[in-house]
Undergrad: 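Pasting a structure here, questions to come.
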Amino acid sequence: MIRGKAVTILLFLPFIFTLARARPIIRLPRPFRSFKINTTQNANSCSYTVEVSTSCSSTRYTRDQISLAFGDAYGNQVYVPRLDDPYSATFESCSTDTFHINGPCAYQICYLYVYRSGYDGWKPKSVTVYGHNTRSITFNYNIFIPIGIWYGFNYCNGASSASI
């Protein structure tokens with residue numbers, strides 16, 4: 001009986017060591033070159049709170065123009081052409097900025113893209129979206145946003161949000 005347990009433990013040891021060394025899957029933001037903004041939606045139906053945390057390794061401040069688009073798998077999209085304010089302390093390193101945004105009602109938010117234009121550079125740590133009809137979702141960036149391209153995440157499993 002003891003011999004059987006010992007054999008079972010020996011058989012599972014490689015599996016246990018594999019699990020112990022396994023690293024969590026970390027999804028990185030990606031460029032989305034064919035991303036299209038949907039400007040035909042009712043822009044003031046629902047309200048959202050968006051928290052943008054800027055990394056401590058970002059530039060001290062940025063004068064870059066920062067745009068944001070997020071939405072669900074059903075084609076509902078919220079677009080904010082400019083979140084930045086060059087005359088305030090928006091997007092300083094080691095800070096979190098909160099924005100109250102009105103846009104079309106969306107179900108569960110599953111994608112978020114950021115667009116940056118300018119020359120200072122900017123490294124967001126994360127962006128969290130809160131909405132009335134959706135669970136909050138956090139998109140972890142922690143990478144400098146390239147200039148002139150929509151950059152972010154799409155967790156919509158190939159749904160219609162990719163063609164918006």
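Just so it is clear, the values below take in all heavy atoms, side chains as well, and ignore hydrogens, waters and symmetry mates.
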Undergrad: CD1 of Ile145 to OG of Ser58: how many Å apart, nearest 0.5 Å?
TA: 9.5 Å
Undergrad: Spell out, yes or no, whether Val80 and Trp122 are grouped together once hydrophobic residues are joined by side-chain heavy atoms under 4.5 Å, including indirect joins.
TA: yes
Undergrad: Without swapping roles, check the side chain of Ser95 against the backbone of Glu92 for a donor-acceptor pair under 3.5 Å.
TA: yes
Undergrad: Parallel, tilted or perpendicular: which fits the ring planes of Tyr115 and Trp150, with parallel below 30° and perpendicular above 60°?
TA: tilted
Undergrad: Indicate whether the side chain of Thr54 and that of Ser93 have a donor and an acceptor atom separated by less than 3.5 Å.
TA: no
Undergrad: Are any side-chain N or O atoms of Gln108 and backbone N or O atoms of Arg135, one a donor and one an acceptor, separated by less than 3.5 Å?
TA: yes
Undergrad: Would you mind reporting whether Thr98 and Val50 have side-chain heavy atoms less than 4.5 Å apart?
TA: no
Undergrad: Is it the case that the side chain of Thr134 and the backbone of Gly131 share a donor-acceptor pair, with hydrogens and angles ignored and the cut-off at 3.5 Å?
TA: no
Undergrad: Of all heavy-atom pairs between Ser126 and Asn140, which one has the smallest distance, and what is that distance?
TA: CB-OD1, 3.5 Å
Undergrad: Any non-hydrogen side-chain atom of Tyr141 less than 4.5 Å from a side-chain atom of Val114?
TA: yes
Undergrad: Return the orientation label for the Phe139 and Tyr155 ring planes: parallel under 30°, perpendicular over 60°, tilted otherwise.
TA: parallel
Undergrad: Which heavy atom of Thr90 sits nearest to which heavy atom of Ser88, and what is that distance?
TA: OG1-OG, 2.6 Å
Undergrad: Can you run down the disulfide bond (SG atoms under 2.5 Å apart) pairs that involve residues 119-148, sequence neighbours left out, and say none if there aren't any?
TA: none
Undergrad: Look up atom OH in Tyr48 and atom NE2 in His100, then write down how far apart they are to the nearest 0.5 Å.
TA: 15.0 Å
Undergrad: At what distance, to the nearest 0.5 angstrom, does OH of Tyr74 lie from CG of Asn76?
TA: 9.5 Å
Undergrad: Of all residues at least two apart in sequence or in a different chain, which pass the ring-ring contact (aromatic ring centres under 6.0 Å, His included) check with Phe144?
TA: none
Undergrad: For Ala106 versus Asp72, what's the shortest heavy-atom pair and its separation?
TA: CA-OD2, 3.4 Å
Undergrad: For the aromatic rings, using the six-membered ring if either is Trp, is the centroid distance between Tyr113 and Tyr151 under 6.0 Å?
TA: no
Undergrad: Mind checking who shares a hydrophobic cluster with Tyr119, ILVMFWY linked at side-chain heavy-atom distances under 4.5 Å?
TA: Ile147
Undergrad: Excluding sequence neighbours, so at least two apart, what forms side-chain hydrogen bond (donor to acceptor under 3.5 Å, both in side chains) with Lys123?
TA: Ser57
Undergrad: Only pairs at least two apart or in different chains count here, so list each salt bridge (charged side-chain N to carboxylate O under 4.0 Å, His left out) that has a residue in residues 112-122.
TA: Arg63-Asp120, Asp64-Arg116
Undergrad: Any chance the side chains of Glu51 and Thr128 put a donor and an acceptor closer than 3.5 Å?
TA: no
Undergrad: Can a donor-acceptor pair be found, under 3.5 Å and without considering hydrogens, that links the side chain of Ser45 to the backbone of Cys105?
TA: no
Undergrad: Any sub-3.5 Å donor-acceptor pair from Asp84's side-chain atoms to Ile66's backbone N or O?
TA: yes
Undergrad: Would you check if Gln65 and Ser117 make a side-chain contact, meaning some heavy-atom pair closer than 4.5 Å?
TA: yes
Undergrad: Within the structure provided, determine whether Val129 and Ser136 are in side-chain contact (heavy-atom separation under 4.5 Å).
TA: no
Undergrad: Does any non-hydrogen side-chain atom of Phe70 lie less than 4.5 Å from one of Val78?
TA: yes
Undergrad: Does one side chain, of Gln77 or Tyr111, offer a donor that lies under 3.5 Å from an acceptor on the other?
TA: yes
Undergrad: Can you tell me how far apart CD1 (Ile101) and OG (Ser47) are? Round to the nearest 0.5 Å.
TA: 10.5 Å
Undergrad: Sequence neighbours excluded, which residues qualify as side-chain hydrogen bond (donor to acceptor under 3.5 Å, both in side chains) partners of Thr59?
TA: none
Undergrad: Please say yes or no: joined through hydrophobic side-chain contacts below 4.5 Å, possibly via intermediate residues, are Tyr130 and Leu83 part of one cluster?
TA: no
Undergrad: Rounded to the nearest 0.5 Å, how far apart are OG1 of Thr138 and CZ of Phe153?
TA: 10.5 Å
